[in-house]
Every structure is written in C-alpha cells, then in structure tokens.
There are 2 protein chains.
Amino acid sequence: MTAVATRPLTPAARRILAVASELFYTRGINTVGMELVAERASVTKKTIYDRFGSKQELVVAYLRVRDERWRDYVTDHLAGARTPRARVVATFDALHTWMEAENPRGCAMVNAYTELSDPEHPGRAVAEGQKRWLRSLLTEIVADAGVADPAALAESLAMLHEGAVVARSVLGDTRAALTACAAARTLMTAHGIAADASEAAGQR
Amino acid sequence: MTAVATRPLTPAARRILAVASELFYTRGINTVGMELVAERASVTKKTIYDRFGSKQELVVAYLRVRDERWRDYVTDHLAGARTPRARVVATFDALHTWMEAENPRGCAMVNAYTELSDPEHPGRAVAEGQKRWLRSLLTEIVADAGVADPAALAESLAMLHEGAVVARSVLGDTRAALTACAAARTLMTAHGIAADASEAAGQR
DNA sequence: AGGTAACCACACCGGTAGGTATACTCGCGA
DNA sequence: TCGCGAGTATACCTACCGGTGTGGTTACCT
C-alpha cells in the first residue's frame, strides 16, 4: 500500500510533480514547504499526501523524473555521433545546451545530495545513481576507442562535466561546458583518441 | 553599530563560531537551528545574537573563516614548489589531503551556494570569491609558464578541482584528487608545460 | 443503484524556526 | 566604587513546518 507506486499519475499528481520540481530546483528542497507546493498546483495538501505519501517521496519522485530526463537528453545527443571521440564531445554538447535551457542553478542531483544531509534519505541514491551512470557511459565510450585505462579517463571526463556545472552556476560562466569540452578533447588526444576528419568545425 | 564588526572574538563567540562551523558543514546550514548551536556551544541564544546579530551574519562568518583556512592551506602547499608545473600539482595535493582531513561532505562554499538560494544572501559572494580566487591563482601560475591562453587552461584545471570534490563526496572516491591531478598533468603537458626532472616520483 | 477513486475545503496537531525581552551575575579597568 | 561588557537563565513572540482528520462533491465503472 505504498503511495506513488509508480504508474499513471492522476492529473493533479502531474501538476503537483511539475510544480514541486520547479520549486525544489529553483529555491531548494528544504526551503520549499508543502503548503506552497499545494497552493501553486491549485491543490490541497490532502491531495499531495494522498498521492505521494510524504515530502520525502515527493522529493524522490522529483529527482527520478529529472534524472530520467537528463539521461534521455544525453542519449538523444549521442545518436548522431559515430566515433568514440564524437560521442564524448556530444555529451559535452548536451551539457552545454541543457545548462543554457534549464540548469542555471547547478546540478539538481548534486544540490539535492547537499541539501539532504541525512545519509538515509533515499534521494541521495538517485543522485549517486546519475553520477555512476555518466561514468559508466563514458567508460564504455572510451573503452571502444581502445584506451589503456578507460575508467581513469572516463573519471577525468566526468570531473570536467561536474566542474563545468559549478562554473556555470556559481560563476555564471555560460561557456563553461565549451571550455570543458576543449579540455576533454585535449585529454582524449593525449590518450590516443585522435581527432577524426569530421572535427574540422570544432571551435575550441 | 553592526555586530561582528570583526576582531577579537570573545571566548563565547569563538565557541559559537567553531560549533556553528562544524554543524553547518556536516548537517547543512538550513537544517541547523540557532537553538542547537547555542546548546552545543554551552551558550544562550541571547549571547549568539549579541555577538553575531543574526543567523545570516553567523553564516557569513562561518564561510569567511573557512574560506581563509582553505586559502592559507593552499598557499602553504605552494611554498615548496618552484616550477609552474609543480605549483599546479601542489594545488591538487592540497586538495587531496584537505579532503581526506576535513571535507567528506563536499565543498563548503558550493554547498552554501546551493543552500542559500536567495540571491541576496551575502554568503553567496563569499563562495563566489573563493572560486574566483582559485581561478586567478591558477591563471597566474600557468601564465608564468608562458602558456598561450592562461585563463582557459586555468579554468579547465579549476573544473578538475571542482569535479574531484564532487566525486569524493557523492561517490566516495578517495582518490578523486589524484585522478584529477593526473588529468591536470596531461593537460599541462599538452599545453607545453613539460614535466621537469623532479617529477620522477609522480605516481599516476 | 452502488461503489470507489480523485479530488475539494477547512480545521487542526505538535514541533521548531528565527528572534526578542527581562532581569540578574560576574570580573575588570578607571 | 562604580560602570560596563560579557555572560547567564528563562520566558516569550510570531510564523511556518510536515502531516492528519473530517466531511463532502463529482464522475466514472460495474
């Protein structure tokens, strides 16, 4: 009899989740009360608790949805890229456009990890999962390129991702992902993943 | 008549600041109440407000002290390094030992930036200042090495710093700073900052 | 016709948040 | 000796937090 058992969200539940996502991301999870969420979603608190059970579960739902959106976004960007090098570059392109479109306040997963200081909070696992996912994605890609130590290179590339997000949010550097991408290219070249012909249009 | 006008903190004020720093860092700023700080510092709330004026000012004091400690820590590590390359490596060494000693929960500045979602909160400027400081430090160092675009390389190196902190806190990767350092070395080599003789002992 | 899922309105709960008020004690320097 | 800064103790303020309970309305499924 767990709430949120997954599956077809009712119209009100969809509104609640949409409103909560927006609020949790832009103002922070801990500073947003359920009363505000209810008001913004034109719903009573009762309805929120009937659909989601608790704030904790609503937070988890928010993180899960956002995590999935990001994974799909990256996967879509990967579609057109054929070489491993182009695929890595595509992840940085995805990061760049994603941040410009809807990520001015940093990575939602890292933010949540920070805000949910209780180690038992299930939201932390979602955040951790996303970080591990990116690492394994990058590891697979560079392994395909025949790199000696794929995990180490992937880890460095992931750090550039993370660092770019911080630079974008704290310093307002809108070109952060581009700078990180340039560094990623340099790193790949040094590891023997050479620039292919199609990379003539690369700025840097 | 501002409180905290700086300088010689009374004994109680020192205890308050020490306790608040510990609590704010490990549990998060928003989840720690003044009542708890008072209790842990064996002080009444009255005393806190007499010395610091408000929670906001206490938070700023916490961030300032921590920022200064980190800058001093890095500066100390820079002392023994003579070449630009060794100096950059020294910043990663500092990061490594710092994180092992007292940073398991990520960067206090980035965390505070996340938690203090109100753009007007003066704590955000402290966090931003630390990020700019690291960038300018790294820019100076690589400029000394005669790199073509020092700012761009420094930015990449700073992103590796930031990414290492995230990897350490979210993923628990205790070797994160070492991995980042290896990437930094590769980046420097690619930018013409060659390994000097003294770098025989470098692991990687 | 009956049942049930999905909602609404509203009132309420205990707990805690940041912050203030009053009144008193102690030790130090002029 | 007197004032003052630093501190104590305790009680209190308003506001909001996450969460619950009651009761009622609509609409669809059987």
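All of these numbers come straight from a predicted model, not from anything done at the bench. As a basis for the values below, the full set of heavy atoms in this structure was taken, side chains included, without hydrogen atoms, waters or symmetry mates. So you know, we letter chains A, B, ... as the sequences are listed, proteins then strands, and number each from 1.
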- request: Give a yes or no on whether the backbone of A:Thr114 and the side-chain of B:Arg105 come within a donor-acceptor separation of less than 3.5 Å.
  value: yes
Whole-Å distance, A:Asp50 CG to C:dA9 P, equals 14 Å
| message | Angle between ring planes, B:Trp70 versus B:Trp98, binned at 30° and 60°: parallel, tilted or perpendicular? | response | perpendicular
Practice task
Would you indicate, yes or no, if D:dG7 has its OP1 or OP2 atom less than 4.0 angstrom from a side-chain nitrogen or oxygen of B:Thr10?
Solution key: yes
note: A:Arg51, atom CZ; C:dC8, atom C1'; distance rounded to Å ~ 12 Å
- Hey, is CZ on B:Arg64 packed in by over 12 heavy atoms from elsewhere, all under 6.0 Å? no
Here the distance between atom C1' of D:dG19 and atom CZ of A:Phe52, to the nearest Å, is 16 Å
Taken in chain and number order and not counting sequence neighbours, the residues that satisfy side chain to side chain contact (heavy atoms under 4.5 Å, CB included) with B:Glu128 are A:Val170, A:Leu171, B:Arg132
A:Glu39 CD to D:dC17 C1', in whole Å, measures 15 Å
**Side-chain donor-acceptor pair present, A:Thr139, A:Ser136, cut-off under 3.5 Å** = no
To the nearest angstrom, the CZ-P distance between B:Arg15 and D:dA6 comes to 14 Å
(Q) Whether the B:Thr91 and B:His77 side chains hold a donor-acceptor pair (N or O, under 3.5 Å, no angle test) is what I'd like checked. (A) no
Whether each nucleotide of nucleotides 17-26 of chain C has a protein heavy atom under 4.0 Å at its base (B), only at its sugar-phosphate (S) or at neither (-) is summarised, 5' to 3', as SBBBBB----
task: Taking only the side-chain nitrogens and oxygens of A:Thr47, find out if one of them lies under 4.0 Å from OP1 or OP2 of C:dA6.
output: no
